[in-house]
Amino acid sequence: MSGYRIDLAVVHPNDPHRYFFGVECDWAMYHSSPSVKERDLNRQQFLENKSWNNTRILSCNWWKNRSVEIERIELIIKGILEEEMILQKV
């Protein structure tokens, strides 16, 4: 979106024309560079303003226990969709 790149983008299950969730990988390598970190935080804020939700995966966590990371992301996505359903009913 607007030139911002995300490692993994998830399409909304009820609207196949809209992405709603992004996963960034290897965020840990950016901790040493303030300008890159600032750019990433600006990207996150921009995407959140466009109704995206984001999370990050550290490669060390992915390699240690991939299934835990996948489950964590699935839980986040399910929570977001449940929240949307509740808000639509109100």
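For E48, the side-chain hydrogen bond (donor to acceptor under 3.5 Å, both in side chains) partners are Q44, not counting sequence neighbours. For L8, the side chain to side chain contact (heavy atoms under 4.5 Å, CB included) test picks out V23, with sequence neighbours left out. A search for side chain to side chain contact (heavy atoms under 4.5 Å, CB included) contacts involving N53 returns F20, F21, I80, not counting sequence neighbours.
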Verify side chain to side chain contact (heavy atoms under 4.5 Å, CB included) between L58 and W63, making sure each step is shown before the conclusion. CA-CA 9 Å; L58 302 176; W63 293 114; over 6 Å; no

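Counting all heavy atoms, side chain and backbone alike, R56 lies closest to R72 at O-NH2, 2.8 Å. Closest heavy-atom contact between W52 and A9: CH2-CB, 3.8 Å. Scanning both residues, L81 and P13, for their nearest heavy atoms gives CD1-CG, 3.7 Å.
Atom-to-atom distance recorded for Q45:CD and N54:CG is 11.5 Å, nearest 0.5 angstrom. One distance of note links NZ of K78 with CD of E74; it measures 5.5 Å at 0.5 Å rounding.
The number of heavy-atom neighbours closer than 6.0 Å to CD of E84, taken from other residues, nucleotides and ligands shown, is above 12.
Looking only at side-chain heavy atoms (C-beta outward), T55 and I73 come within less than 4.5 Å of each other.
Looking at E69 and R66, no side-chain N of the basic residue comes within less than 4.0 Å of a carboxylate O on the acidic one, giving no salt bridge.
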